[in-house]
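Any value given below was found using the heavy atoms of this structure, including those in side chains, with hydrogens, waters and symmetry copies removed. Naming convention: chains lettered A, B, ... in sequence-line order (proteins, then strands); numbering from 1 in each chain. What you are looking at is a predicted structure, and each value in this text was computed from that prediction instead of being measured.
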Protein chains: 2
Amino acid sequence: METRVDGRLVRGDQTRRAVLGKAVEIASVDGLEGLSIGRLAKELEISKSGLFAHFGSKEELQLATVRAARRIYVTAVVEPALATAPGFSRVWALSECWLDYSQRRVFPGGCFFAKASHEYGARRGPVRDYLAEVNREWVQLVEQTIGEAISLGELEADPAQLAFELNAYYDSANLASLLHDDDGAIYAQARHSIRARLESAATAGTALPWRSGRSR
Amino acid sequence: METRVDGRLVRGDQTRRAVLGKAVEIASVDGLEGLSIGRLAKELEISKSGLFAHFGSKEELQLATVRAARRIYVTAVVEPALATAPGFSRVWALSECWLDYSQRRVFPGGCFFAKASHEYGARRGPVRDYLAEVNREWVQLVEQTIGEAISLGELEADPAQLAFELNAYYDSANLASLLHDDDGAIYAQARHSIRARLESAATAGTALPWRSGRSR
DNA sequence: AAACTAATAATACGACCGTTCGTATAGTTT
DNA sequence: AAACTATACGAACGGTCGTATTATTAGTTT
């Protein structure tokens, strides 16, 4: 099965990819509103009008940027966590992957969605709606992961409640690390809280991933 | 002792007050960057140049806006909480006051500082520095309040750790309520988490404020 | 009443905003 | 080779941005 490719479309795709890569970077630092078409074009050394033609409106560019960020997020956080077997250890992996994603600065401005959600939380329109949807998606994944651990008898908790708490720790660590030029102490603090919370919810027989094999 | 007042200065003060009141409103929804001098002047029906003269630069306007927001925050959260006696009940009051402040939308866009801190977290400059300082101030207050409760033998915890966790619950509830047009369910969830966390840290004899006198 | 000061206003500036338009170029199809 | 299509470009549009300069008005002091 041979796939004929249109060189023009390939070129367009590459441009689009480059634009969105840069857009995600800029927006994670300066926000989706601070992301301007002129600046984006200048940094990529392409024409403003040519760039604009790819999206048709600022709002479409913003939406495409959030979609691009979502793909990066899935690759950086979701997929690595799903590589761990379901159950307690996957809940822990999810936390570790998230903190790592924030600390590694996958987006230079910290978690893209924490930033964008705060930027658009009090507004209306498609951008906000999509951000809300992505957030729901994520919370659902965390709840589901917790649910699996409960089903496997490794955890005892209200999934929604525990998911809320874990998420709170993630976001709080992310913000504090940004605001205070953190050297890692804040992430350690978050890890400590997560560990304590999970430990208190673990069932008796469950092996705790952060203890290397034997109990202390 | 009689105080002679200069009518011109009074007039200027009133204007300044009105400007900052509006500025804080706008910024809590559209951010400190979205806060523009032209828009501010238009909404207040005064001249752009006259308004500008009060601050001298956009950055000074932003700093003055954050300072104004801080005063409102102190009035809405800190002072009411300090009306409660030190100890476990004050820790609880702090949480209640904060959630109430967020839920009542003292700022139309939810917590001003959550928004502004995310906006400036990844940047440099005086605005970010001041936001970081205000945050430190707040965290310190929470830790100190927890410390008092420990000294009084009503609580057992690491103050920094518990403060981190409570703050995480506050901010997380604030964001989720904005993003999902909350009817109050999210605040209830936060209250539940806070209650559970405080209950687990309370010492044996401590009366729990949310139980009306007798145990269940 | 004159001199002075503080607050406000009018006007203008260059830079950048998102957007539109006409055109040139590269690549595909016939 | 001709017709067509997708991508990219330069130039211009009306607006708004933050800021500077200059003038006017309101209020105080002498």
Fill in: Nearest to side-chain heavy atoms of B:Phe52, which nucleotide of C:dT8, D:dT19, D:dC9
D:dT19

Discussion item. Within the 3.5 Å criterion, strictly below it, is a donor on A:Tyr187 or A:Ser177 matched to an acceptor on the partner's side chain?
Written reply: yes

Item to complete: Just do the side chain to side chain contact (heavy atoms under 4.5 Å, CB included) check on A:Ile46 and A:Val19 with the steps written out, would you?
Response: CA-CA 10 Å; A:Ile46 63 175; A:Val19 168; 4.1 Å; yes

Worksheet entry | A:Glu45 CD to D:dC9 C1', straight-line distance once rounded to whole Å | 15 Å

Worksheet item: With a 4.0 Å cut-off on heavy atoms, is A:Ala53 in touch with a base, just the backbone sugar-phosphate, or nothing at all?
Response: nothing

Please tabulate, one pair per line, each protein N/O and nucleotide N/O from nucleotides 21-23 of chain D that are separated by under 3.5 Å, including the distance.
none

Item to complete: Figure out the CG/C1' separation between A:Asp30 and C:dC16, and round it to whole Å.
Response: 15 Å

Worksheet item: D:dA6 C1' sits how many Å from A:Ile46 CD1, rounded?
Response: 15 Å

So which protein N/O to nucleotides 13-17 of chain D N/O distances come out below 3.5 Å?
from: D:dC17; atom 1: OP1; to: B:Ser36; atom 2: OG; distance (Å): 2.5

Practice prompt. Flag yes if more than 12 heavy atoms outside A:Arg17 fall under 6.0 Å of its CZ atom; otherwise flag no.
Written response: no

Worksheet entry | Donor + acceptor pair across side chains of A:Trp138, A:Asn167 (<3.5 Å) | yes

Worksheet item: In whole angstroms, how far is the P atom of C:dA26 from the CG atom of A:Leu9?
Response: 17 Å

Worksheet item: If you count the non-hydrogen atoms of other residues, nucleotides and ligands that lie under 6.0 Å from CZ in B:Arg105, is the total more than 12?
Response: yes

Worksheet entry | Check against side chain to side chain contact (heavy atoms under 4.5 Å, CB included), A:Leu166 and A:Ile146 | CA-CA 11 Å; A:Leu166 291 179; A:Ile146 293 169; 4.3 Å; yes

Worksheet item: Are any of the side-chain heavy atoms of B:Asp171 and A:Asp171 separated by less than 4.5 Å?
Response: no

Item to complete: Please say whether more than 12 non-hydrogen atoms of neighbouring residues, nucleotides or ligands are located less than 6.0 Å from NE2 in B:His192.
Response: no

Discussion item. Output the rounded distance in Å from CG (A:Asp13) to P (D:dA6).
Written reply: 13 Å

Fill in: With A:Asp30, the salt bridge (charged side-chain N to carboxylate O under 4.0 Å, His left out) member among A:Lys115, A:Arg39, A:Lys22
A:Arg39

Practice prompt. Under the side chain to side chain donor-acceptor pair (under 3.5 Å) rule, collect the residues that match up with A:Glu60, sequence neighbours excluded.
Written response: none

Item to complete: Only one of B:Arg191, B:Arg195, B:Arg90 passes salt bridge (charged side-chain N to carboxylate O under 4.0 Å, His left out) with B:Glu96; say which it is.
Response: B:Arg191

Worksheet item: Using a cut-off of less than 4.0 Å, is there contact between a side-chain N or O of B:His54 and OP1 or OP2 of C:dT8?
Response: yes

Item to complete: Determine whether more than 12 heavy atoms belonging to other residues, nucleotides or ligands lie under 6.0 Å from atom CD of B:Gln140.
Response: no

Practice prompt. For DNA chain C, determine which residues of residues 14-28 of chain B have any heavy atom closer than 4.0 angstrom to one of its atoms, and list them numerically.
Written response: B:Thr15

Worksheet item: Looking for any heavy atom pair under 4.0 Å, which part of the strands does B:Leu51 touch: base, sugar-phosphate only, or nothing?
Response: nothing

Worksheet item: Between atom CZ in B:Arg11 and atom P in D:dA26, what is the gap in whole Å?
Response: 8 Å

Worksheet item: Salt bridge check: are A:Arg197 and B:Glu165 linked by an N-O gap of less than 4.0 Å?
Response: no

Fill in: Axis-to-axis angle between the two ends of the helix from C:dA1-D:dT30 to C:dT30-D:dA1 (five base pairs per end, rounded to 10 degrees)
0°

Worksheet entry | B:Glu59 CD to D:dT19 C1', straight-line distance once rounded to whole Å | 14 Å

Worksheet entry | For A:Phe113, all residues meeting ring pair (Phe, Tyr, Trp, His ring centres under 6.0 Å), sequence neighbours excluded | A:Tyr73

